[in-house]
J.: 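Got a structure for you, written out below as structure tokens; questions coming shortly.
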Amino acid sequence: MTFLDPTDDQAEVPDDQLDPAAVSRQLADHPAVDRAVALLRPFPDGRDGLAAYVVPDPGFVAEQAPDLVSEHVAGWKDVFEHVYGEVKDGTPDDRAFDRSGWNSSYTGTVMTRAEVGEAIDSIVDQVAALPHRRVLEVGCGTGMLLFRIAPDTERYWATDLSGEVLRTIQHELDASPERYAHVTLLEREGTDFTGFADDSIDLVLLNSVIQYFPSADYLRQVLREAVRVVRPGGAVFIGDVRDLRLLEVLHSSVEVFHADGDARVDEVRRRVRAAVDEEGELLVDPSFFAALVTELTGVSEAGLQLKRGTVANELTKFRYDVTLRVGAEPVTRPYPPAVQWNPADWGTAAVDVRLGRGEPRDLLILDVPDSRTAADVATWRALTEAAAEARLDDLPARDDLDGETPGDWWAIGRRHGLTVAVTPPRSGAIGRYDVVLSRSGAIPAWVPQTRRQALSNAPFRHELSDDLARELRDFLHERLPEHMVPAHIAILDEIPLSPDGTLDVRRLPDPISHAVGSGVEHLPPRSTT
């Protein structure tokens with residue numbers, strides 16, 4: 001996102017000589033602008049100035065998309081080549097279990113071997129339950145899944161953007177030809193399925209990789225190709241999907257972790273808004289994948305599950321896994337009886353007792369409070385509701401948090417011989433999840449009760465923002481006096497509105513006094529690296 005420096009000249013102009021409505025009208029005349037709003041806002045130096053917020057025209061974005069996508073992908077390729085080059089020069093304890101890139105957003109340090117191992121074990125277990133004789137892994141990273149899964153396959157192809165990491169993997173493969181002679185490595189980006197025929201693969205595996213994609217359209221392109229090459233009865237597994245619904249909760253949790261107790265609430269909220277606005281990775285609402293059953297020919301059903309794991313960290317709390325089953329026709333299954341969660345009747349203890357008595361047979365439990373995210377959701381809500389001048393230490397204590405651990409439901413399923421799915425909530429309620437218990441093994445389709453307007457963010461907008469903000473500033477200079485040109489121009493995915501349809505100023509990015517980068521400057525956790 002681009003922010004332009006406030007000028008002293010503008011700041012000295014009386015407010016009654018600034019006309020935000022006129023600025024908005026001029027911006028709306030630019031062919032690249034879909035919507036725009038300008039208003040007076042306080043800048044970091046304490047003085048008010050004009051700030052403008054612009055949503056680009058979809059046609060303009062589509063026109064720019066090929067170059068923006070290429071720039072975004074190239075940016076991540078540079079990051080990976082640099083990081084994996086450092087890995088090659090280092091001496092990890094176990095090349096087949098290299099945790100490089102698994103950096104915590106809270107501490108910045110590499111996650112523990114136990115945390116990473118649990119995450120990898122979960123993916124391996126899920127893959128084992130899917131057809132996997134012939135596997136194509138897109139974005140293999142340092143090969144943590146490859147080294148675990150490939151020995152049990154007939155053919156295994158692995159692709160990655162980084163030639164550095166593939167050369168390192170190839171060295172390990174060459175050292176054990178009897179185990180890995182059937183493995184082929186390919187340096188290419190995610191959309192490139194050249195050489196793979198229709199219906200030739202059992203499983204396409206994309207684990208902890210789609211967050212580096214530039215847009216939802218790019219993701220659709222990859223999945224369309226993945227479904228094409230998978231035979232009927234096979235699957236596409238998309239692991240570690242960052243949940244768009246929880247983006248603000250995550251950043252609230254991280255910013256509070258880094259802040260001192262005497263930090264003012266309004267300052268922490270400003271940091272959260274900036275972090276959300278500067279997010280450089282792709283986050284996807286679960287509804288996106290539910291819609292693929294009708295949008296993408298060949299997808300027969302989409303199964304969603306929360307991340308498995310006993311450790312509550314950013315991987316298990318804010319991400320989910322998706323399995324797209326490939327077949328001729330969409331599969332429809334009747335919904336089991338649905339009940340609203342309450343601890344007395346439908347908590348884990350109560351359900352365990354009921355199942356021991358032989359009932360119920362199949363059940364859908366709605367809106368179970370998630371114990372793993374309870375503290376984070378409470379923090380987010382407290383920040384949202386607190387007075388601006390309050391200090392973090394003044395926020396209410398979180399001693400009354402309730403919730404059920406998702407792992408307890410899977411344990412119940414094992415005890416009673418049931419198939420269990422712990423999914424994002426169909427209601428969309430933050431901090432909740434749904435549970436399906438099935439004796440027959442048939443899990444009904446995940447269908448959201450409501451559909452959000454935006455089902456993903458658009459990371460490649462960061463590449464668009466710099467050039468467009470400069471172009472708009474030049475455009476306004478030609479039409480308005482100097483003091484009427486906004487000191488701050490931000491490019492947004494959407495203009496935030498309140499429930500009554502009016503502008504929600506609190507959710508606009510605050511003006512800042514320096515430009516920021518493209519968001520492709522760090523390497524967040526990547527579970528296949």
Side-chain angles (χ1 to χ4, degrees), residues 1-7 10 19-41 43 49-76 78 212-218 273-283 453-454 456-497 503 505 507-521:
M1 204 65 67
T2 295
F3 303 93
L4 301 174
D5 292 348
T7 61
Q10 185 192 80
D19 186 354
V23 178
S24 299
R25 288 193 296 271
Q26 290 293 337
L27 285 170
D29 283 342
H30 193 284
V33 174
D34 181 37
R35 283 161 290 160
V37 60
L39 64 162
L40 284 172
R41 300 208 68 191
F43 280 77
L50 277 171
Y53 300 91
V54 173
V55 177
D57 178 76
F60 170 78
V61 175
E63 221 174 76
Q64 304 296 315
D67 290 338
L68 295 173
V69 166
S70 297
E71 187 176 342
H72 187 93
V73 172
W76 277 118
D78 290 344
Y212 305 115
F213 289 176
S215 67
D217 285 339
Y218 188 95
R273 285 196 297 270
V276 170
D277 189 53
E278 295 164 22
E279 178 61 62
E281 295 187 1
L282 180 66
L283 290 91
Q453 182 178 2
S456 75
N457 61 338
F460 77 176
R461 288 281 173 84
H462 292 282
E463 282 77 20
L464 173 76
S465 299
D466 290 342
D467 292 341
L468 180 55
R470 277 190 288 269
E471 182 178 332
L472 293 176
R473 188 171 176 81
D474 292 342
F475 177 80
L476 293 176
H477 269 300
E478 295 173 359
R479 290 160 175 78
L480 295 171
E482 178 67 27
H483 72 273
M484 288 278 285
V485 177
H488 166 112
I489 298 178
I491 312 301
L492 306 180
D493 293 332
E494 58 184 355
I495 301 294
L497 301 178
L503 177 67
V505 177
R507 292 169 53 205
L508 289 171
D510 292 323
I512 60 177
S513 57
H514 63 279
V516 298
S518 67
V520 185
E521 300 169 344

J.: Walk me through whether Asp34 and Val61 qualify under side-chain contact (heavy atoms from CB on, under 4.5 Å).
T.: CA-CA 10 Å; Asp34 181 37; Val61 175; over 6 Å; no
J.: How far apart are the closest heavy atoms of Leu503 and Leu39, and which atoms are they?
T.: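 Smallest heavy-atom distance, with atoms named: CD2-CD1, 4.4 Å.
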J.: Could you state the interatomic distance from CG (Leu468) to CD (Gln64), rounded to the nearest 0.5 Å?
T.: 8.5 Å
J.: Find the distance between CG (Asp277) and CZ (Arg507) and round it off to the nearest 0.5 Å.
T.: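 Answer for the CG-CZ pair, Asp277 versus Arg507, is 12.0 Å.
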J.: Please give me the minimum heavy-atom distance between Ser24 and Ala38, naming the atom from each residue.
T.: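 The answer is OG-N, 2.8 Å.
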J.: In terms of the angle between their ring planes, are His488 and Phe43 parallel, tilted or perpendicular, with boundaries placed at 30° and 60°?
T.: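 Ring orientation, 0 to 90° scale: perpendicular.
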J.: Can you confirm whether Leu68 sits close enough to Pro214 that some side-chain heavy atom of one is under 4.5 Å from a side-chain heavy atom of the other?
T.: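 Of all side-chain heavy-atom pairs linking Pro214 with Leu68, none is under 4.5 Å.
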J.: Let me see the working for His30 and Glu471 under side-chain contact (heavy atoms from CB on, under 4.5 Å), right down to the final yes or no.
T.: CA-CA 10 Å; His30 193 284; Glu471 182 178 332; 3.0 Å; yes
J.: Using 0.5 Å steps for rounding, measure from the CG atom of Leu50 to the CE atom of Met484.
T.: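 With rounding to 0.5 Å, CG (Leu50) is 7.0 Å from CE (Met484).
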J.: Can you find a heavy atom in the side chain of Leu282 that is under 4.5 Å from one in the side chain of Tyr218?
T.: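 Heavy-atom side-chain distance check fails, nothing below 4.5 Å.
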J.: Between Leu492 and Arg35, is there a side-chain heavy-atom distance shorter than 4.5 Å?
T.: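 Side-chain contact under 4.5 Å: no.
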J.: For a ring pair (Phe, Tyr, Trp, His ring centres under 6.0 Å) check, start with the C-alpha distance between His72 and Phe213, then their side-chain angles and the critical distance, and finish with the verdict.
T.: CA-CA 8 Å; His72 187 93; Phe213 289 176; 9.4 Å; no
J.: How long is the gap from CG on Leu480 to CZ on Arg473, to the nearest 0.5 Å?
T.: 11.5 Å
J.: Of the non-hydrogen atoms in Leu476 and Pro486, which two are nearest, and what is the gap between them?
T.: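 The answer is CD1-CD, 3.4 Å.
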J.: Quick one: CG on Asp474 to CZ on Arg479, what's the gap to the nearest 0.5 Å?
T.: 10.5 Å
J.: Would you give the length of the straight line joining atom CG of Asp67 to atom CG of Leu464, rounded to the nearest 0.5 angstrom?
T.: 11.0 Å
J.: Is the side chain of Asn457 donor-acceptor paired with the backbone N or O of Glu281 at a distance under 3.5 Å, no angle test?
T.: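 Between the backbone of Glu281 and the side chain of Asn457 there is a qualifying donor-acceptor contact (under 3.5 Å).
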J.: Is any side-chain heavy atom of Tyr53 closer than 4.5 Å to a side-chain heavy atom of Pro509?
T.: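 In short, these two side chains touch, coming nearer than 4.5 Å.
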J.: Does a side-chain heavy-atom distance below 4.5 Å link Asp467 with Arg470?
T.: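 Sidechains of Arg470 and Asp467: in contact.
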